[in-house]
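Have a look at the structure below, then the notes.
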Amino acid sequence: MFDSDLQAKGAPRTRRMFLASAATTLGGLALWSWKKSRTVEVAAAAGAPQEVTIVQFSDSGERLKMVHVTKVVKSEAEWRKQLSSNAFDITRHADTEIAFSGKYWDLHDKGIFRCICCDNALFSSETKFDSGTGWPSFWAPLAAENVTEIRDTAFGMVRTALACTQCDAHLGHVFDDGPEPTHLRYCMNSASLRFVPKSLNR
Ligand SMILES: [Zn+2]
C-alpha cells in the first residue's frame, strides 16, 4: 500500500479540502522520495548489505544460472581467522605473491578455480595458459560478472586490478599482452584461488 492511499483514506471529504490535501500529499511524496534516495545512499556508504550479480558454476565447470546475491562483507579479524596470513595479505590488502612461489602457476590439471574467500567461481583450466611469469595466467574469466576490474595506480603505474565481485578479494591484475582469442592476460595470485579438480566431482 502506498502512502498516498493511506493519506487519501484519512483525507477530508469535501472536494476543496481533498484537492488541498492532494497537493500536500504530492509535495510530501516528492519529499519522501528525495529522503528515501538520500537514505539509500547513506546506507550504502555505511556498509549496508549490497546486492551483486554473479553467475554460478558447478564444480565441474558447468554454467548454472545468474543470481543476485548479497555481497560478502567480513571484518579484518574474520578474514584473518578464515585465511592463511599469505592469502589474507594478498586478498584483503592487495599484496602480490612472489613469482613461481604459488601453488598453481605450474598446474596443468583440469578443473575450476574458486575465490579463496567466498567460493565464487572465477577461472577454468580451459582458459589457463603458460605465461612464463610464475603466476597462474588465464585469457578469460569463467564469467565477466564474477570479476570486477579496478583502476590501480599503486607504485606509480596505471594497471587494471581484478577483484572478486562477490567479496572484493584482490585477485591479481589484467594485462593486454595475452594470447588469442582475447589477447588478455589475467595474471592471478595462486593464494587468491582454490582449485577444484574436475575428476573429484563426477
Ligand atoms: Zn570472493
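Atoms within each ligand, like the ligands themselves, are counted from 1 in listed order. Just so it is clear, the model here is predicted, and its values are computed rather than measured. One-based numbering along the sequence shown.
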* Above 12 or not: heavy atoms from other molecules or residues under 6.0 Å from NZ of K103? -> no

Output side-chain donor-acceptor pairs under 3.5 Å for residues 63-73, partner residues at least two apart or in another chain, one line each.
| unit_1 | atom_1 | unit_2 | atom_2 | d |
| --- | --- | --- | --- | --- |
| H68 | ND1 | T53 | OG1 | 2.9 |
| K71 | NZ | D168 | OD1 | 3.0 |
| K71 | NZ | D168 | OD2 | 3.4 |

Atom pairs and distances, donor-acceptor, side-chain atoms in residues 104-113, under 3.5 Å, two or more places apart:
| unit_1 | atom_1 | unit_2 | atom_2 | d |
| --- | --- | --- | --- | --- |
| Y104 | OH | F195 | N | 3.0 |
| W105 | NE1 | F100 | O | 3.3 |
| H108 | ND1 | D106 | O | 3.1 |

* Distance below 2.8 Å from the Zn ion (ligand 1): how many protein N/O/S atoms qualify? -> 4

* Flag the pair D119 and R114 as a salt bridge only when some basic side-chain nitrogen lies within less than 4.0 angstrom of an acidic carboxylate oxygen. => no

* Summary of ring pair (Phe, Tyr, Trp, His ring centres under 6.0 Å) pairs that have at least one residue in residues 150-174, sequence neighbours excluded -> H170-H173

* Side-chain touch T127/Y186, heavy atoms, less than 4.5 angstrom -> no

